[in-house]
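Scroll down for the structure; my scribbles are underneath it.
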Amino acid sequence: MSVSRPELFAHLDGLGIRHETVSHRPVFTVDEGRDIKATLPGGHTKNLFLKDRKGQVFLVTALAETEIRLNRLHRPLGSARLSFGPEALLFETLRVRPGSVTALALLNDTDGRVRFILDRALMEWPIVYSHPLLNDATTGMAPADLVRFAESTGHAPQLIDFTELLDDEVGTQ
């Protein structure tokens, strides 16, 4: 059973987290929503649902402009090589569909299967934006409140500086 948007907002309210939501047409990619983002100043997120061959599952929430090197990300995570998780596993764990992947869906992972990875670059923005469970709206909150929300769901984030994974001197395995 998945959490509804009103239940998500009630959870945020219960934590005392200030949030604001704007409804818009559904957007499935970062590029599709550029015009919407232009009206909402702040750090916009992109989200990757990943798994490794050992069965670990990860949600990476990063600044939309951040370059993520999947072939290097496994090292700081202490995981096996990473690949995109299948849609069935995404729905099973976070109860969302592709295009609606969001850190706010961590509320649905009551079994604690998903490891939450957060881009350190998001912490530099006064407000960060995520989809509130569906891709037809965008919710903004302070980055510290996003962390507090994640912690309230049992998903303390692992902060990663993705620029450190861009260095060409990093060896490959």
Side-chain angles (χ1 to χ4, degrees), residues 2-6 8-9 11-12 17-51 57-73 76-77 82-87 89-91 93-109 114-150 153 155 157-168:
S2 58
V3 172
S4 68
R5 189 174 283 169
L8 167 67
F9 293 156
H11 183 84
L12 293 171
I17 292 176
R18 199 169 143 246
H19 57 95
E20 205 167 307
T21 299
V22 175
S23 294
H24 51 71
R25 71 182 185 282
V27 292
F28 293 88
T29 66
V30 170
D31 285 337
E32 280 183 26
R34 291 220 185 271
D35 62 318
I36 296 166
K37 290 179 179 106
T39 66
L40 299 169
H44 293 270
T45 59
K46 66 179 173 185
N47 297 274
L48 305 177
F49 181 73
L50 306 171
K51 68 170 189 66
V57 182
F58 303 86
L59 174 62
V60 175
T61 296
L63 187 63
E65 296 79 19
T66 294
E67 183 179 344
I68 299 174
R69 298 264 176 103
L70 285 185
N71 64 335
R72 295 181 178 172
L73 181 56
L77 301 183
L82 297 164
S83 62
F84 290 98
E87 183 176 348
L89 182 60
L90 168 64
F91 191 75
T93 55
L94 295 176
R95 309 302 291 176
V96 294
R97 300 284 181 202
S100 294
V101 181
T102 173
L104 299 177
L106 290 168
L107 193 56
N108 286 320
D109 179 32
V114 178
R115 281 181 55 192
F116 183 42
I117 311 306
L118 189 60
D119 184 358
R120 191 175 300 278
L122 283 169
M123 304 310 287
E124 304 301 317
W125 291 89
I127 190 165
V128 295
Y129 294 99
S130 301
H131 290 307
L133 306 175
L134 293 171
N135 62 358
D136 63 352
T138 298
T139 298
M141 68 184 70
D145 286 336
L146 178 60
V147 170
R148 197 156 50 98
F149 163 79
T153 69
H155 297 86
Q158 178 178 347
L159 290 175
I160 298 279
D161 181 348
F162 287 98
T163 61
E164 292 177 357
L165 302 178
L166 299 178
D167 184 2
D168 288 332

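Just so we're clear, the structure is a prediction, and the values are computed from it rather than from any experiment. Residues take their numbers from the sequence shown, with the count starting at 1.
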Are the side chains of [Y] and [X] in contact, using a 4.5 Å heavy-atom criterion?
X: R95; Y: V3; result: no
X: L94; Y: V57; result: no
X: L90; Y: V101; result: yes
X: T45; Y: T102; result: no

>> I117 vs F162, test: side chain to side chain contact (heavy atoms under 4.5 Å, CB included). Steps then yes/no.
In response: CA-CA 11 Å; I117 311 306; F162 287 98; 4.3 Å; yes
Name every donor-acceptor pair, under 3.5 Å, that has one atom in a side chain of residues 132-143 and the other anywhere in the protein, sequence neighbours excluded.
unit_1: N135; atom_1: ND2; unit_2: V27; atom_2: O; d: 2.8
unit_1: N135; atom_1: ND2; unit_2: G99; atom_2: O; d: 3.4
unit_1: D136; atom_1: OD1; unit_2: R5; atom_2: NH1; d: 3.4
unit_1: D136; atom_1: OD1; unit_2: R5; atom_2: NH2; d: 2.7
unit_1: T138; atom_1: OG1; unit_2: H24; atom_2: NE2; d: 2.7
unit_1: T139; atom_1: OG1; unit_2: T21; atom_2: OG1; d: 2.7

Closest contact, heavy atoms only, [X] versus [Y]:
X: L106; Y: A150; value: CD1-CB, 4.1 Å
X: L166; Y: E67; value: CD2-CD, 3.7 Å
X: P41; Y: I127; value: O-CG2, 3.4 Å
X: G42; Y: W125; value: C-CE3, 3.4 Å

> Sub-3.5 Å donor-acceptor pair from the side chain of Y129 to the main-chain atoms of K37, do we have one?
Replying inline: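 Pair absent, no side-chain N/O of Y129 close to backbone of K37.
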> Taking NZ, NE, NH1 and NH2 as the nitrogens, is one of them in R25 or D35 under 4.0 Å from a carboxylate oxygen of the other?
Replying inline: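 Salt bridge flag = yes for D35 with R25.
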>> Whether E32 and R34 form a salt bridge (side-chain N of Lys/Arg under 4.0 Å from carboxylate O of Asp/Glu) is what I want to check.
In response: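 No, R34 and E32 are not salt-bridged.
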Starting at [atom1] of [X], measure out to [atom2] of [Y] and round the result to the nearest 0.5 Å.
X: L12; Y: L104; atom1: CG; atom2: CG; value: 6.5 Å
X: L146; Y: R148; atom1: CG; atom2: CZ; value: 11.0 Å
X: E20; Y: L40; atom1: CD; atom2: CG; value: 9.0 Å
X: L73; Y: I160; atom1: CG; atom2: CD1; value: 6.0 Å
X: E164; Y: R69; atom1: CD; atom2: CZ; value: 13.5 Å
X: S83; Y: L48; atom1: OG; atom2: CG; value: 11.5 Å

>> Determine whether L118 and M123 satisfy the following criterion, side chain to side chain contact (heavy atoms under 4.5 Å, CB included), listing intermediate values before the conclusion.
In response: CA-CA 9 Å; L118 189 60; M123 304 310 287; 4.0 Å; yes
> In terms of ring plane angle, is the pair H19 and F9 parallel, tilted or perpendicular, where the classes change at 30° and 60°?
Replying inline: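 Parallel.
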>> Checking F49 against L89 for the side chain to side chain contact (heavy atoms under 4.5 Å, CB included) test, could you report, in this order, the C-alpha distance in whole Å, the side-chain angles of both residues, the deciding distance, and whether it holds?
In response: CA-CA 9 Å; F49 181 73; L89 182 60; 3.9 Å; yes
> Does the pair F149 and L107 meet the rule for a side chain to side chain contact (heavy atoms under 4.5 Å, CB included), with working shown?
Replying inline: CA-CA 9 Å; F149 163 79; L107 193 56; 4.0 Å; yes
> In terms of side-chain heavy atoms, does T29 have a donor or acceptor partner in D31 at a distance below 3.5 Å?
Replying inline: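 Distance-only check fails for T29 and D31.
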>> Checking H155 now: which residues fulfil side chain to side chain donor-acceptor pair (under 3.5 Å) with it, not counting sequence neighbours?
In response: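 With neighbours one apart ignored, the set is D109, T153.
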For residues 58-66, run the donor-acceptor check on the side chains, cut-off 3.5 Å, and write out each pair with its distance to 0.1 Å, sequence neighbours left out.
unit_1: T61; atom_1: OG1; unit_2: N47; atom_2: OD1; d: 2.6
unit_1: T66; atom_1: OG1; unit_2: L63; atom_2: O; d: 3.4
unit_1: T66; atom_1: OG1; unit_2: D119; atom_2: OD2; d: 2.5

